Amino acid sequence: AETSGLMAHHHLVIGSRHELYLDSFFIATRCGFFFTTMMLMVYMTSSLAREVGNREGLIRDTVSRLQLANEELRGQEKVRTQFVRAVSHDLKEPLASIQSTLRVVLDGYTGEVNPKAMNMIERADKSAAKLIGMIRDMLDLGRMRNGWLGNRSTWPVGDLMRSVDEKLRARAEEKQQSLTFAARPPDLKINASLDALEQVLLNLVSNGLKYAPEKTPVRVWLGRKDGTFVMRVEDEGIGISDADQKKLFGEFFRGTDARRVTRDGTGLGLSIVKSIVDQHGGVIDVTSPYQDCSGGTRVEVTIPWNEVKPS
């Protein structure tokens with residue numbers, strides 16, 4: 001319009017020639033640059049849109065495949081769990097029967113047994129007890145995975161401490177270990193499955209006694225802390241290496257140092273503990289070594305108070 005004289009020209013760019021607006025070549029060049037730039041922008045935008053669409057399609061396909069694979073894994077896990085449960089249940093009864101028969105002989109009800117035979121029977125009895133313990137742990141783990149937590153009720157934590165103390169006091173006395181319990185506040189009550197939380201505490205305290213030396217303390221503390229319910233077990237035992245801590249709650253895992261101390265153990269106890277704690281929305285924190293001990297382990301289970309507060 002300025003070139004044809006239909007509009008007045010106002011020169012705004014300082015340093016450029018005033019008559020450029022009359023130069024057809026200059027105007028054609030600028031229009032060409034503008035058109036080319038616009039075409040490039042359209043091309044790049046459409047290319048990017050196609051690429052984004054392709055990537056979205058690939059992501060959708062990947063997500064779909066992952067979902068199918070996850071469903072397949074869940075199905076396989078369910079079949080495996082059912083198989084293990086069925087086999088474990090079928091094995092438990094005959095093993096218990098074998099152990100009962102061995103105990104009858106060991107207790108002298110079948111008459112006198114020569115020392116060599118008695119030694120072999122005692123070894124068979126210990127092996128049967130280990131197998132029964134492993135089967136019990138496998139059944140417990142299967143139940144926990146299926147959401148079993150037992151019946152909830154309101155009870156004082158003192159009941160939990162007394163029950164664990166009664167079951168493990170003799171084991172502590174065998175090694176002259178000091179097993180102490182404390183609760184804060186002393187009259188604290190919670191609403192939860194006593195059986196499930198007892199299983200957690202039994203496992204933790206049992207490990208503390210097993211892997212701590214003779215004449216050392218094992219301390220248990222239960223109480224409220226910052227809006228949570230806490231169960232803490234401390235020992236002055238062999239400790240747990242950083243490498244083993246990363247795999248500590250895996251099924252059938254036993255730490256290197258733990259295997260050196262004793263061959264007994266299924267490696268399922270802490271898996272059961274984690275399953276129970278997870279279902280309560282809680283976390284497990286392991287510190288080893290802790291404080292000024294060269295070894296020692298502190299295991300702290302923290303459960304949101306809303307999960308266990310009395311109604």
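Just so you know, residue 1 is the first one in the sequence shown, and it goes up from there. Since the structure is predicted, the reported quantities are computational estimates derived from the model, not experimental observations. All heavy atoms count here, side chains included; hydrogens, waters and symmetry mates do not.
At distances below 3.5 Å, at least one donor-acceptor pair connects side-chain atoms of Gln177 with backbone N or O atoms of Leu209.
Results of the side-chain contact (heavy atoms from CB on, under 4.5 Å) test with Tyr211 over Ile238, Val218, Asp235, Ile240 single out Ile238 as the only residue that passes. Each of Val277, Asp278, Ile276 was compared with His280 under the side-chain contact (heavy atoms from CB on, under 4.5 Å) criterion, and only Ile276 meets it. Exactly one of Leu179, Thr180, Val164 qualifies for a side-chain contact (heavy atoms from CB on, under 4.5 Å) with Val220. That residue is Leu179.
Applying the side-chain hydrogen bond (donor to acceptor under 3.5 Å, both in side chains) criterion to Arg184, with sequence neighbours excluded, gives no partner residue.
Applying the 6.0 Å contact sphere to CD of Glu112 captures no more than 12 heavy atoms from other residues, nucleotides or ligands. Taking a 6.0 Å sphere around CZ of Arg123, one finds it holds 12 or fewer heavy atoms contributed by other residues, nucleotides or ligands.
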**Report entry** Full working for side-chain contact (heavy atoms from CB on, under 4.5 Å) between Thr302 and Phe229
**Finding:** CA-CA 6 Å; Thr302 304; Phe229 173 64; over 6 Å; no
message = Using the rule given for side-chain contact (heavy atoms from CB on, under 4.5 Å), can you reason through Arg103 versus Val105, listing the C-alpha separation, both sets of side-chain angles and the distance that settles it, and then say yes or no?
response = CA-CA 5 Å; Arg103 293 284 171 84; Val105 178; over 6 Å; no
message = Assess the residue pair Arg298 and Val233 against the criterion (side-chain contact (heavy atoms from CB on, under 4.5 Å)); give the C-alpha distance rounded to whole Å, side-chain angles, the decisive distance to 0.1 Å, and a yes or no.
response = CA-CA 6 Å; Arg298 177 175 64 202; Val233 179; over 6 Å; no
Passes side-chain contact (heavy atoms from CB on, under 4.5 Å), Arg50 versus Arg55? Steps please.
CA-CA 9 Å; Arg50 281 197 303 272; Arg55 294 296 175 90; over 6 Å; no
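Checked for salt-bridge contact, Arg219 and Glu236 meet the test: a charged N lies under 4.0 Å from a carboxylate O. With salt bridges taken as basic N to acidic carboxylate O contacts below 4.0 Å, none links Arg162 and Asp165.
Atoms CG and CZ, on Leu268 and Phe253 in that order, are 13.0 Å from each other to the nearest 0.5 Å.
The shortest distance between side-chain heavy atoms of Glu198 and Leu201 does not fall below 4.5 Å.
A donor atom on one side chain and an acceptor atom on the other are not found under 3.5 Å apart for Ser206 and Lys210.
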